[in-house]
Student: 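Below you will find the structure I want to go over with you.
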Protein chains: 2
Amino acid sequence: MTIENIIEEKNLKLTVARRELLGILHAHNRPLCFEDIKEKINMDKATFYRNISKFEEEAIVNSFESNDKKRYYEMQEFPHAHFICNTCNAIECLKNIEPINLEGYIITDIIFKGICKGCKHEEE
Amino acid sequence: MTIENIIEEKNLKLTVARRELLGILHAHNRPLCFEDIKEKINMDKATFYRNISKFEEEAIVNSFESNDKKRYYEMQEFPHAHFICNTCNAIECLKNIEPINLEGYIITDIIFKGICKGCKHEEE
DNA sequence: TTCTTATGTGCAACTTAGTCGCATTTTATA
DNA sequence: TATAAAATGCGACTAAGTTGCACATAAGAA
């Protein structure tokens, strides 16, 4: 599925900003915040946040808050859990954990916090 | 364990602000943000954030970011997972879920996001 | 290809959570 | 009761995210 297809499928206009923004998110296999993205492309923050909101409404992108008060965004292609390290603040994607069920709830996202493998190793 | 004992055990000074702050957190069985707390007690936000940071360092309190860009705090008495509803933004404590293990990681906190029982019911 | 219109973009001003420096107050101890 | 270290409150600041508005652009019609 190309970026052009995704945009077309949702009946959104294909603009330069949208192509660039989805291009960056698609190319990186990790969640990115606005700060990460503005290092890579020159885009006004109002444009960034308006497009990101639209992508979230259309279920193209999903997001979560990390430990650093910033929101991180990624393509919703393969929904998966995340691990946020309290020590180094790194965000890892956990693509292979077994599904968890909570009776009565619909789970769309799981965030684990704690100490990642690297930091745990350094502590020992 | 009284608030006075907790403070003394960690070798912190027992001040009016600290007693009030821990009193509020102790009295409410749900995570609270600064906005929630300033409705209940009159405390400068610098004092709030400095004390909350100290309580976190001392493992008296823990915290997480919600969907609303605010950080929520609660006593660390009974560590447990949380459910944040994407629809109504409510935060629920999940005190009875079975423990999850991730090989190589130390998990200190789990946050589930999705649709809570109430909102799921309304959708149907 | 050009015209038209709805939609998107960029700018600047704004809001709000959270931080920091500093003068003053309070706690704990001698 | 005196003292020193630590906590508080204030005001100024930072940075994420939002909003209104004028201008630019995508996409379909003519």
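We name chains A, B, ... by the order of the sequence lines, and we start the count at 1 in each one. Because the structure is a prediction, the values reported are computed rather than measured.
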Student: Could I get a table of every N or O pair under 3.5 Å where one atom is in the protein and the other is in nucleotides 26-30 of chain C?
Tutor:
unit_1, atom_1, unit_2, atom_2, d
C/dT27, O2, B/K13, NZ, 3.0
C/dA28, OP1, B/L14, N, 3.0

Student: Among residues two or more places apart or on two chains, list those pairs meeting side-chain hydrogen bond (donor to acceptor under 3.5 Å, both in side chains) that have a residue in residues 43-55 of chain A.
Tutor: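 For residues 43-55 of chain A: A/R18-A/N51.
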Student: If you take all heavy atoms of B/C116 and B/C85, which pair is closest and at what distance?
Tutor: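 Minimum heavy-atom contact is N-SG, 3.5 Å.
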Student: Would you find more than 12 non-hydrogen atoms of other residues, nucleotides or ligands less than 6.0 Å from B/E8 atom CD?
Tutor: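 Atom CD in B/E8 is not packed in, count stays at 12 or less.
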Student: Could you work out, with salt bridge (charged side-chain N to carboxylate O under 4.0 Å, His left out) as the rule, every residue matching A/E35, not counting sequence neighbours?
Tutor: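 Per chain and number, A/E35 pairs via salt bridge (charged side-chain N to carboxylate O under 4.0 Å, His left out) with A/K70.
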Student: Please report, rounded to the nearest Å, how far the P atom of D/dG9 is from the CZ atom of B/F34.
Tutor: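 In whole Å, D/dG9 P lies 11 Å from B/F34 CZ.
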Student: Partners of B/E77 by side chain to side chain donor-acceptor pair (under 3.5 Å), sequence neighbours excluded?
Tutor: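 Checked B/E77 against side chain to side chain donor-acceptor pair (under 3.5 Å); matches are B/H26.
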Student: Applying side-chain hydrogen bond (donor to acceptor under 3.5 Å, both in side chains), which residue pairs with at least one partner in residues 92-107 of chain B are found, sequence neighbours left out?
Tutor: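 Qualifying pairs: A/E92-B/Y105, A/Y105-B/E92.
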Student: Identify the two heavy atoms, one from A/K120 and one from A/I115, that lie closest to each other, and give their separation to 0.1 Å.
Tutor: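 Scanning both residues, the minimum pair turns out to be N-CG2, 3.5 Å.
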Student: For DNA chain D, find the residues of residues 35-57 of chain B with a heavy-atom distance under 4.0 Å and give them by number; none if there aren't any.
Tutor: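 The stretch gives B/D44, B/A46, B/T47, B/R50, B/N51, B/K54 as the residues lying under 4.0 Å from the strand, ordered by number.
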Student: What residues join B/I111 in its hydrophobic cluster, counting side-chain heavy atom gaps under 4.5 Å, either direct or through other members?
Tutor: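 Besides B/I111, the cluster holds A/F64, A/Y72, A/I84, A/I91, A/I111, B/F64, B/Y72, B/I84, B/I91.
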Student: Output the residues of residues 18-32 of chain B in contact with DNA chain D, where contact means a heavy atom of the residue under 4.0 Å from an atom of the strand; sort by number or write none.
Tutor: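 Output list: B/R18.
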Student: Taking only residues two or more places apart in sequence or in another chain, which ones pass side-chain contact (heavy atoms from CB on, under 4.5 Å) with A/E74?
Tutor: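 A/E74: side-chain contact (heavy atoms from CB on, under 4.5 Å) contacts with A/P31, A/N62, A/H80, A/H82, A/C93.
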Student: Count I, L, V, M, F, W, Y as connected when their side-chain heavy atoms are under 4.5 Å apart, and connections chain through other members. Are A/I41 and A/I7 then in the same cluster?
Tutor: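 Looking at the clustering, A/I7 is in the same group as A/I41.
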Student: Tell me: NZ of B/K69 to C1' of C/dT16, nearest whole Å?
Tutor: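 That distance rounds to 10 Å.
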Student: Atom CG of A/D68 to atom C1' of C/dA17: distance rounded to whole Å?
Tutor: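 Rounding to the nearest Å, CG of A/D68 and C1' of C/dA17 are 14 Å apart.
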Student: Show the nearest heavy-atom pair for residues A/S63 and A/E56, with the distance to one decimal.
Tutor: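 Answer, listing the atom of A/S63 first, then A/E56: OG-OE1, 2.8 Å.
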Student: Take the protein atom CD of B/E58 and the nucleotide atom P of D/dA7, then report the distance between them rounded to whole Å.
Tutor: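 One finds 11 Å between P of D/dA7 and CD of B/E58, rounded.
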Student: Over 60° means perpendicular and under 30° means parallel, so tell me whether B/F48 and B/Y73 are parallel, tilted or perpendicular.
Tutor: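 If you compare the ring of B/F48 with that of B/Y73, the planes turn out perpendicular.
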Student: Roughly how many Å is it from NZ in A/K70 to P in C/dG18, rounded to a whole number?
Tutor: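 To the nearest whole Å, that distance equals 14 Å.
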Student: Looking at residues at least two apart in the chain, or sitting in another chain, which of them share a salt bridge (charged side-chain N to carboxylate O under 4.0 Å, His left out) with B/R19?
Tutor: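 Here the qualifying residues are B/E4.
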Student: For B/F112 and A/I107, work out which heavy atoms get closest and say how close.
Tutor: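 Minimum heavy-atom separation between B/F112 and A/I107: CD2-CD1, 3.7 Å.
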Student: Set out, line by line, the N/O atom pairs under 3.5 Å between protein and nucleotides 28-30 of chain D.
Tutor:
none

Student: Within a reach of under 6.0 Å around CG of A/N5, are more than 12 heavy atoms found that belong to other residues, nucleotides or ligands?
Tutor: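 Yes, because the 6.0 Å sphere around CG of A/N5 holds more than 12 heavy atoms from other groups.
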Student: How sharply is the helix from C/dT1-D/dA30 to C/dA30-D/dT1 bent, taking the axes over five pairs at either end and rounding to 10 degrees?
Tutor: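 One end's axis against the other's: 30°.
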